[in-house]
There are 2 protein chains.
Amino acid sequence: MNPTMRDVADYARVSPMTVSRTLRDDPSVAPEKRSRVLAAVAALGYRRNEAARTLRVGGSTKLLGVVITNIANPFYAQLALGIEDHADKRGMRVVFANSGENTDRERQLVQDFAARRLDGIIAVPAANQHDHLDPAGLAAVPVVLAASPPHRINVDAVLLDDFGGTYEATSMLIARGHRNIGFLGLPAATWTGSERYRGYVAALEAAGLAVQDRFVRRNQPHVAAAVEAANAILDQPDPPTAVFAANNRNTIGAYRAIRSHGGTTALAGFDDFDFADLLDLPLIVVSYDAREIGRVAAELVCGHIDNPSSSPLARRVVIPTKVIDYPNAAS
Amino acid sequence: MNPTMRDVADYARVSPMTVSRTLRDDPSVAPEKRSRVLAAVAALGYRRNEAARTLRVGGSTKLLGVVITNIANPFYAQLALGIEDHADKRGMRVVFANSGENTDRERQLVQDFAARRLDGIIAVPAANQHDHLDPAGLAAVPVVLAASPPHRINVDAVLLDDFGGTYEATSMLIARGHRNIGFLGLPAATWTGSERYRGYVAALEAAGLAVQDRFVRRNQPHVAAAVEAANAILDQPDPPTAVFAANNRNTIGAYRAIRSHGGTTALAGFDDFDFADLLDLPLIVVSYDAREIGRVAAELVCGHIDNPSSSPLARRVVIPTKVIDYPNAAS
DNA sequence: CGCGACTCTGGTACCGATACCATCGCCGGG
DNA sequence: CCCGGCGATGGTATCGGTACCAGAGTCGCG
């Protein structure tokens, strides 16, 4: 068994209280006893049990829970870095869990986080159903959403300008003369999915162009499905001369499909990625600072941790997007 | 304050013990009281305090700690997925922390994990100094290393065939007629760094070629530094006709440098990545199943959790590598 | 020299849940 | 009819720390 505080106390011939105080840096411990305690700690390899401490002190596990939909997406790695940036400053650790874009699993995960009494939760919801993310049902653990505004619950959120970014990139395709533009999207049940679609439609309408449903596919869960969907669009008679892809998975899929079709279709997509400027076809991407999203989300959730009464603010922070044009002149 | 078990007991007019038993699915609770308890739980929004439970039961936080060097590297996202695959099966959660390739921070993180009494730790060490990763100094929390064998401590490890993969890829460059081959590596103080360099040297020597130090750079912490190092190699008189890059960061850096030098230098690198087949220059990569590394590491650490006596096995599992040739014919 | 004030230390109870043992009521067999 | 046995329930101590309060010792000042 691991040594306990009492073991240290016995070894140092003091009371457990003196040990506790020493480890809490309480100034009211005589230097001599203090050093005896520290020597005992070293000799026994003692380590304070944080679970017990948490229980007594009545809170603060110093853990921040993060529920995301898909770790494999590099967007989330950046988000994680941003959250860690801020958590570190406060001596907090970050617990990750992957919902796999499944709301049931998401519910299970946040329940588990609440039972563990994590100090706060940052969630990227898998769908528009958010009842299970209400702090009221989660032992009052503060919740902040990322990439999606809350639906029928009252929490803060950090958002992207999904509509604006898509609108701008689609408009750029239109400005270059494209009149038939395909769309590879995300499920309409997600905020991101509906907003990006809305941006696409608005840009077309602003230019007096009609949305053609035969050029629209909205549910590709992985790259292979995106390739297939893009092929289906490009194989039609009188195919579009450009495609907008609503996230990195779809952009990659579309890229592969376009390349295998001769590479003459223009492509724009949401989410920047590492190699966007090294590809062998031109590309427009909607870029944003994913790390900043994490940082802001962590700040917001820590604000609620410090000041539990401030729950019902429901703030929204919108992170701007920037359209980047990679000409990628075939060398 | 959150409701406690006593509150539930009062509400349901039973003793706390009956509530505890009900929530533990103990069969010896009469159906009628059982349903009264469940009703009270629902009415009060009660949630069992896992910290208290852990304290009493004396262990099992059901948390697995993962210390990695750099979350932004997609390799770790796959590793994380593999770990989660296995952890999930056992109802465990995963706590992540980023050491930033800093051994002091790594020490601090594992100490913190031990103090929290996590059930196990999986670490990708930042350097060859492993004393702080010895379970003996960590409240006997089982430790498994990934991507590096233990140095002077006695723990299991999941390894990559760093030497073999590098040897094979370098040999492929030689087989294609290259005689001067540059090397962009990792710090010699890391296992991965020294093994991959060893593989490079061995392949050259097996072909009767000499290692030329002027073509070797071994410490690029990020892509920008890798670009610079690659430029420095390529700008020399009589430059190499091929380069081997020891990880994805260096491969990307080398790729950018080669491209800006006209794209005539051949390139091979360790780590596959998403767009390797979509670039506009040919490329050879050493590929492996990163997710499998995580899965195996989780299995090993769970083995020790189940059977704490089996500590001193010091098993090694080696995950094979596969060389992939992306011709990337400029379309 | 006496007394309050201040410093340091230890005893005790308690955070929330559960292991252990005692108790109570009920049943059937002798 | 009495007693052993069993199923259901509750009381109590405990896990490892820490808040709170009490007590011992020291010092300075009137």
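The figures here come from the full heavy-atom set of this structure, side chains too, leaving out hydrogens, waters and symmetry mates. Just so it is clear, the model here is predicted, and its values are computed rather than measured. Residue numbering restarts at 1 for every chain, and letters A, B, ... go by the order of the sequence lines.
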Per B/Leu55 side chain, nearest of listed nucleotides C/dG16, D/dG17, C/dT18: C/dG16
B/Lys33 vs D/dT9: side-chain N/O to OP1/OP2 distance below 4.0 Å: yes
Sugar-phosphate only, base, or nothing, as touched by B/Val19 at under 4.0 Å among non-hydrogen atoms: nothing
Phosphate contact (C/dG16 OP1 or OP2) by B/Thr4 side-chain N/O below 4.0 Å: no
Phosphate OP1/OP2 of D/dT18: any A/Arg53 side-chain N/O under 4.0 Å: yes
A/Arg6 CZ: over 12 foreign heavy atoms closer than 6.0 Å: no
Basic-acidic side-chain contact under 4.0 Å: B/Asp306, B/Arg90: yes
Nearest-nucleotide pick for A/Met5, side chain only, options being D/dG17, C/dG11, D/dT9: D/dG17
Position toward the 5' end of DNA chain C (nearest nucleotide), A/Pro31 or B/Pro3: A/Pro31
N or O in side chain of A/Ser28 less than 4.0 angstrom from C/dT9 OP1/OP2: no
Whole-Å distance separating the CZ atom of A/Arg116 from the C1' atom of C/dG16: 16 Å
Length of the line joining B/Asp26:CG and C/dA19:C1', which is rounded to integer Å: 12 Å
Integer-rounded Å distance: C/dC8 P and A/Asp25 CG: 15 Å
Nearest-neighbour nucleotide for the B/Val14 side chain, C/dC14, D/dG10, C/dG11 considered: D/dG10
Nearest-nucleotide pick for B/Tyr46, side chain only, options being C/dA17, C/dG10, D/dA19: C/dA17
Heavy atoms of other groups near A/Arg316 CZ, more than 12 under 6.0 Å: yes
Nearest to side-chain heavy atoms of B/Ser15, which nucleotide of C/dC15, D/dG10, C/dG16: D/dG10
A/Thr18 side-chain N/O to C/dT9 phosphate OP1/OP2 under 4.0 Å: no
Whole-Å gap separating P (C/dA17) and CZ (B/Arg24): 13 Å
Under 4.0 angstrom between B/Arg48 side-chain N/O and C/dT18 OP1 or OP2: yes
N-O pairing of A/Arg34 and A/Asp25 below 4.0 Å: yes
Any A/Arg34 side-chain N or O less than 4.0 Å from OP1/OP2 of C/dC8: no
Atom pair distance, as rounded to whole Å: CZ in B/Arg56 and P in C/dA17: 13 Å
Sugar-phosphate, base or nothing in reach of B/Arg21, heavy atoms under 4.0 Å: base
Which nucleotide in C/dG11, C/dT18, D/dG16 has an atom nearest any side-chain atom of A/Met17: C/dG11
B/Glu106 and B/His132: CA distance, side-chain angles, deciding distance, side-chain hydrogen bond (donor to acceptor under 3.5 Å, both in side chains) verdict: CA-CA 8 Å; B/Glu106 183 178 294; B/His132 56 291; 2.8 Å; yes
Nucleotide nearest B/Ala52 (side chain, heavy atoms from C-beta), chosen from D/dT18, C/dA17, C/dT18: C/dA17
Spacing of A/Arg6 atom CZ relative to C/dG10 atom C1', expressed in whole Å: 12 Å
Separation of atom CG in B/Asn49 from atom C1' in C/dT18, rounded to whole Å: 13 Å
Spacing of B/Arg107 atom CZ and B/Leu138 atom CG [to the nearest 0.5 Å]: 10.5 Å
Whole-Å gap separating P (C/dT9) and CZ (A/Arg13): 13 Å
